[in-house]
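Here is the structure we will look at, set down as structure tokens.
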Amino acid sequence: MIAIVDLICKSLTGGDYKGKMVAKVKTLGIVFDDEQRSGYCSGELVSGQVLVELSEDMRVTALRLVARGCARVNWSEGPGTATAPSSAAMATSSPSSSSSSSRSFREEVEYVHSAQTLKEAPGDNSEENFITLHAGKHEFPFSFQLPQGPLVTSFSGKYGCIQYWVNATLERPSAPDQSVSREFPVISHMDVNTPTLLSPVSTNKEKMVGCWFFTSGPIALSARIERKGYCNGEAIPIYAEIENCSSRLIVPKAAIYQTVTCLANGRTKTCRQRVANVRGNHIGSGSMDTWNGKKLKIPPVTASILNCSIITVEYSLAVYAHIPGAKKLKLELPLVIGTIPYNGFGSRTASVSSQFSMDMSWLSLALPEQPEAPPNYADVVSEEEFERHTPSCSQPEDLESELGRPVFAYIQEFRFQPPPLYSEIDPHPTLTEEEQPRVAFVI
Ligand SMILES: *[C@@H]1O[C@H](CO)[C@@H](O)[C@H](O)[C@H]1NC(C)=O
Ligand SMILES: *[C@@H]1O[C@H](CO)[C@@H](O)[C@H](O)[C@H]1NC(C)=O
Ligand SMILES: *[C@@H]1O[C@H](CO)[C@@H](O)[C@H](O)[C@H]1NC(C)=O
Ligand SMILES: *[C@@H]1O[C@H](CO)[C@@H](O)[C@H](O)[C@H]1NC(C)=O
């Protein structure tokens, strides 16, 4: 614990103030009583201590604590946006022009704001009123209750974040205030055991590939998952059928996508990235591949955030067929990542696969889509290739404002690990039991 405090306080120095030598605060830090907590829920008590260490006696006017929590969105658009706007006032919620060509979009929604005084000199707040804190270590316990009302899970993204933090400020006569702040994680639980999230999701699609007159036949894809809601760490069993009646060798794959949508001043900014994927066998001539519960593991990602008015985090499961020389055929199933796992009382699980086979009858009924023209170069560049050249959103975001302290970085580091970057190397190699080499272009 002490190591953390040292880290927090490293930047604190006393010294000169308006020409006067003022005493130094050796340490100013915040520790929570439960440092291991993965998240506080609405209505819960957050408690801890403000630690003050002084190398000499010091006059203090007050020690105040503020707890805050808010969702904030911030991005810029326009030609000048490569360089970030230098002055940024958090309070603004209307678009402001940092230059004639670039516009900033900002919005903030507050969920928590409570202030308390941990120590205060009696009387008014004038320079003559102070208490003396002696040299050495002092601990000031604090606690506050999170609002009963709905809170939104902590989240940190490229264009927006949802953060909760406490800020302790030491006020002294004839010296600048000194403050420290620390974030604490909040979880808004989402139970996947609700009728909507327990219901299965399925969809299907087919497409023609080939040259105009030499259309070889459709590629048909159908996919289904047993339920809409899953939790971190669970593996989603995917039921799918992929039929190749075309002249090309196709490779079926599945991936989980995370879509973060930020809203400010009537505009939205969306960031989409793949957080997990799995690959099937290549499917040759006239054959069909069936996934009878092929598993795709959910990596440690933020649970879905669906009810914050300015930031949403949504997930989907894409099942797609990579077709050499053509655009991939892709299905997308909505997915909700919750925090309270399935309790097993659904009882439909057993019948899912048989039920699913019956659903496949649509395959023969569905009208094929218009035949697709021969591929052009852009189509041949695979979407993976394309995605690799598209800016990724998985960097820990820059939205720092008053929070940008080492303390903060420290917490972020283990609490909010960004989802893994996409790579051709499967991050969960145990799941790809039938890994095949990349397939050549065949017409
Ligand atoms: C908004 O984002 C820019 C860069 O993206 C950053 O420089 C600026 O400080 C941010 N403003 C606020 C208020 O967070
Ligand atoms: C959001 O939804 C979750 C789960 O349904 C709920 O617990 C939480 O209170 C909601 N928050 C808001 C801001 O509506
Ligand atoms: C804490 O709050 C004070 C007063 O609002 C502010 O000036 C200061 O920058 C904050 N400190 C930190 C470390 O966020
Ligand atoms: C499916 O792909 C293979 C590539 O190995 C191709 O040769 C075959 O003709 C395709 N299937 C059908 C029914 O055409």
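Numbering of ligands and ligand atoms starts at 1, following listing order.
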message: Could you walk me through whether N167 and W165 satisfy the side chain to side chain donor-acceptor pair (under 3.5 Å) test, starting with their C-alpha distance in whole Å, then the side-chain angles of each, then the deciding distance to 0.1 Å, before giving a yes or no?
response: CA-CA 7 Å; N167 169 330; W165 70 97; over 6 Å; no

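- Each of the following atoms of ligand 3 lies closer than 4.0 Å to a heavy atom of V180: 13 (C).
- Judged by the 6.0 Å and 45° rule, R182 forms no cation-pi pair with F184.
- Residues passing the ring pair (Phe, Tyr, Trp, His ring centres under 6.0 Å) test with F142, sequence neighbours excluded: none.
- In D177, neither the side chain nor the backbone holds a heavy atom less than 4.0 Å from any atom of ligand 3.
- In this comparison of S181, A115, S179, A168, the heavy atom closest to atom 9 (O) of ligand 3 sits on S179.
- A cation-pi arrangement is present between R227 and Y342 under the rule of less than 6.0 angstrom and at most 45 degrees off the ring axis.
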